[in-house]
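Per chain, numbering begins at 1; letters A, B, ... match sequence-line order.
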2 protein chains.
Amino acid sequence: MLSERQMMILRAVVRDFTNSGVPVGSKALAKQLPIHVSSATIRNEMAALEEQGLIRKTHSSSGRIPSVEGYRYYVDHLVKPDPLRPNDLNMIQSALGGDFHKIDEIISQSATILSNLTSYTAFTLKPELKDSRLSGFRLVPLGRRQVMAILVTDSGDVENQTFDVNETVTGEQLEAVVRLINDQLVGLTLPEVLKKLQTDIPVKIASYLQSPEGFLDIFGNVLTKAAQERFYVGGRLNLLNFAEDGDVDSLKSLYSLIDKTDDIADVLGQPRDNISVQIGNEMTNDALRHYSLITATYDVDQHGQGMIAILGPTRMPYSRMIGIVGAFREELAKKLLDYYRYYDE
Amino acid sequence: MLSERQMMILRAVVRDFTNSGVPVGSKALAKQLPIHVSSATIRNEMAALEEQGLIRKTHSSSGRIPSVEGYRYYVDHLVKPDPLRPNDLNMIQSALGGDFHKIDEIISQSATILSNLTSYTAFTLKPELKDSRLSGFRLVPLGRRQVMAILVTDSGDVENQTFDVNETVTGEQLEAVVRLINDQLVGLTLPEVLKKLQTDIPVKIASYLQSPEGFLDIFGNVLTKAAQERFYVGGRLNLLNFAEDGDVDSLKSLYSLIDKTDDIADVLGQPRDNISVQIGNEMTNDALRHYSLITATYDVDQHGQGMIAILGPTRMPYSRMIGIVGAFREELAKKLLDYYRYYDE
DNA sequence: CTTAGCACTTAATAACTTTGAGTGCTAAAA
DNA sequence: TTTTAGCACTCAAAGTTATTAAGTGCTAAG
């Protein structure tokens, strides 16, 4: 229900405010807009926009800033992603250009690039593991009491952990367990494995060992570790730039949120569109009230779908940021396709 | 060259200022000190202390605060470590009381305890690895191209890393290399191994492989990783409490220092006495100018010497902190002795 | 050597003024 | 009916000016 002119004004308010951080007044707009109307006309339109809850004043005689709803309208209807600057594209390509030997290196590097590009905090997740399959399990005796458990998936992920074992267990028993797991479970997806681990397997393993719990624990542990969505964070320290002075507490809870979370979905939410923007209190988490989150998915064909995100102040230049995230998701997908093409062949 | 009375005054200035954060005036001291003299007398003594550079004013008519030299004198000659509060001792013992299966868990847990106890940032290093010996090396093939290298030391540390290998290398060749390393190097200390790796080994390995570099790299990599002093940090976020408002830059460089350092000696310095205090600009690093560092060593008999440290504002209650660190080093040593006793037997 | 007394300094706080950017409203012009 | 010039009004920010309270150094007497 906005007139063309109102949209134009809303767009300008968002653009100006995200650039300058200062509330935007009618006179400045009148001067700047392509149409020729007086500041009084602009004032009338602004009053209408305020009526609809899209912009607001910081005090009774101040200029206007966008409300959360205003940002939302802007992002949904008005924003036009900035094309990537040539410099930025160069920087992405050279940073991803190297020779990587693990997916995790690419994903972790991506978090760094993205945070450098935006000067915000960036998150990256590798293509989800739900579809990856168990391709091998090893138990390697290390000393009298220690054993290392290693789990390999067909997507090339390796997870390992060392354990203490009871000395009464013999080497043959260990081997029997490993054989059982490899026979019965290799080729299944990780969630399937996790399920079988609670049903079939305990029964079967009981014939080899009188007390199978320990081994199920070991295997279960490594499995859980492998199935967990691990994520990388770049530019943590950039959060310091946007904290209002003295607001140490909210900074702390923000960092705790990032560092202690082990289910990243709590923070990023479920993947939705290619690119999605969550603004301020649209996010359930209170620590994020003054921040916005731009998330994007990326597709690596049969290898699944991953996710990238940037977290910055609500007052961020959305058009530029959406442009960067949009370009990056494509570059990253390309890079990963290359990587897999080389590894699968 | 300080009179008893001057010492008494200096001690009181440090104590008051570290408690309150407010410069200490002559009147307050006169009221509080056990001797009966007027504030004018105190003023004369304070002038003398200032003459010697031990205390200073923040402006021409302010009370006094300790200078770095004043803190130094206090720490060297006047401080009396506070005995541990019963609560604190309980908390240490219950937090260390659990059943740990890796040294690293104990050391990492220690960093958390120490930071909770002090509300500063804590660092912990495990007993140094220089004396630990190589006790085994494995290469585990994981898939067509990946191999995991595992290195075990006699102190129970396990280090591992996965590598890509060239497909032209055969399993027998891998085994030969592993055998060579285990025959020639097991039982040596890590620095000795590192040395041989640059002299004897390349020659010997050359008879098995036409291009041994790759394998030396793999082994060398894991070895370096294992030989590196790794450290744990607790209470990172506590640094936020002490940053002066708006001083984001120095906070950033502080965090970079902590996070990016891979030689912790750069920050903590070489271990010296049982307990040592470094104050403000006594440390070479500029980012630490407004902080003090209390480091302490702990001895675990033949298993070597480790280190703990806390980092807080120059204006910290030294007597209490020294008390805590002193008690903690002993509790930790005890706990580790227990741990080794169980594991060695 | 100690101390009461006093003049002086300074940061912090509060109280007041000024300025400038901005608003809403009214009445005339388009 | 929409636009606009004009004007009274509001408020945050910045700048002034007083006021206060804690502290100092110094002097001269105890």
Side-chain angles (χ1 to χ4, degrees), chain A residues 1-10 12-17 19-67 70 244-246 315, chain B residues 1-10 12-17 19-67 70 244-246 315:
Chain A
M1 282 104 300
L2 295 191
S3 69
E4 278 301 319
R5 196 164 66 182
Q6 287 170 340
M7 290 187 192
M8 179 186 285
I9 291 175
L10 177 57
V13 169
V14 172
R15 191 160 26 72
D16 271 29
F17 179 67
N19 282 334
S20 70
V22 174
V24 187
S26 55
K27 217 146 122 197
L29 285 181
K31 211 173 282 171
Q32 173 201 141
L33 288 180
I35 53 175
H36 265 288
V37 286
S38 75
S39 65
T41 308
I42 304 269
R43 274 204 290 287
N44 290 334
E45 296 286 37
M46 285 171 107
L49 286 170
E50 185 168 18
E51 186 80 18
Q52 303 194 44
L54 298 175
I55 59 181
R56 61 191 180 84
K57 305 187 223 173
T58 59
H59 62 84
S60 78
S61 72
S62 79
R64 303 307 208 294
I65 66 174
S67 65
E244 350 217 322
D245 271 3
R315 191 213 115 195
Chain B
M1 283 107 300
L2 295 191
S3 70
E4 278 301 320
R5 196 166 66 183
Q6 287 170 339
M7 289 186 194
M8 178 185 287
I9 291 174
L10 177 56
V13 169
V14 173
R15 192 160 25 75
D16 272 30
F17 180 66
N19 282 333
S20 70
V22 173
V24 186
S26 55
K27 217 145 121 197
L29 285 180
K31 212 172 284 173
Q32 169 199 145
L33 287 180
I35 53 176
H36 266 288
V37 288
S38 74
S39 66
T41 307
I42 305 269
R43 275 204 287 287
N44 290 333
E45 295 287 38
M46 285 172 107
L49 286 170
E50 185 167 20
E51 187 80 16
Q52 302 193 47
L54 299 174
I55 58 180
R56 62 192 179 83
K57 304 186 223 172
T58 59
H59 61 85
S60 79
S61 72
S62 79
R64 305 304 209 296
I65 67 175
S67 66
E244 351 215 323
D245 271 4
R315 190 215 116 194

Tell me the interatomic distance from [X], atom [atom1], to [N], atom [atom2], rounded to whole angstroms.
| X | N | atom1 | atom2 | answer |
| --- | --- | --- | --- | --- |
| B:R64 | D:dA22 | CZ | C1' | 13 Å |
| B:I35 | C:dT3 | CD1 | C1' | 14 Å |
| B:R43 | C:dC8 | CZ | C1' | 13 Å |
| A:I42 | C:dG24 | CD1 | P | 13 Å |
| B:R5 | C:dT3 | CZ | P | 8 Å |
| B:H59 | D:dA22 | NE2 | C1' | 8 Å |
| A:R56 | C:dG22 | CZ | P | 17 Å |
| A:H36 | D:dA5 | NE2 | P | 13 Å |

Worksheet item: Under 4.0 angstrom, heavy atoms only, what part of the nucleic acid is A:K27 near: base, sugar-phosphate, or nothing?
Response: nothing
Discussion item. Students often get this wrong, so: under 4.0 angstrom with heavy atoms, is A:S39 touching a base, only sugar-phosphate, or nothing?
Written reply: nothing
Practice prompt. Measure from the side-chain heavy atoms of A:A40 and tell me the nearest of C:dA4, D:dT4, C:dT23.
Written response: D:dT4
Looking only at heavy atoms, what is the nearest atom pair of [X] and [Y], with distance?
| X | Y | value |
| --- | --- | --- |
| A:R64 | A:M46 | CG-CE, 3.4 Å |
| A:A30 | A:V37 | CB-O, 3.9 Å |
| A:P66 | A:V14 | CG-CG2, 3.8 Å |

Worksheet item: Can you tell me if A:S67 and A:R56 form a side-chain donor-acceptor pair at under 3.5 Å?
Response: no
Worksheet item: Taking for each residue the nucleotide of DNA chain C bearing the nearest heavy atom, is the 5' side occupied by A:V24 or by B:T58?
Response: B:T58
Practice prompt. Hey, which sits more toward the 5' end of DNA chain C by its nearest nucleotide, B:N44 or A:S60?
Written response: B:N44
Worksheet entry | Side-chain N or O of B:K57 closer than 4.0 Å to phosphate OP1/OP2 of D:dG25 | yes
Practice prompt. Please state whether the phosphate of D:dC11, meaning OP1 or OP2, lies under 4.0 angstrom from any side-chain nitrogen or oxygen of A:S62.
Written response: no
Fill in: Atom pair CZ (B:R315) and CD1 (B:I65), whose distance is rounded to the nearest 0.5 Å
10.5 Å
Discussion item. Is it the case that the base of C:dT9 and the side chain of B:S61 share a donor-acceptor contact (distance under 3.5 Å, atom types as modelled)?
Written reply: yes
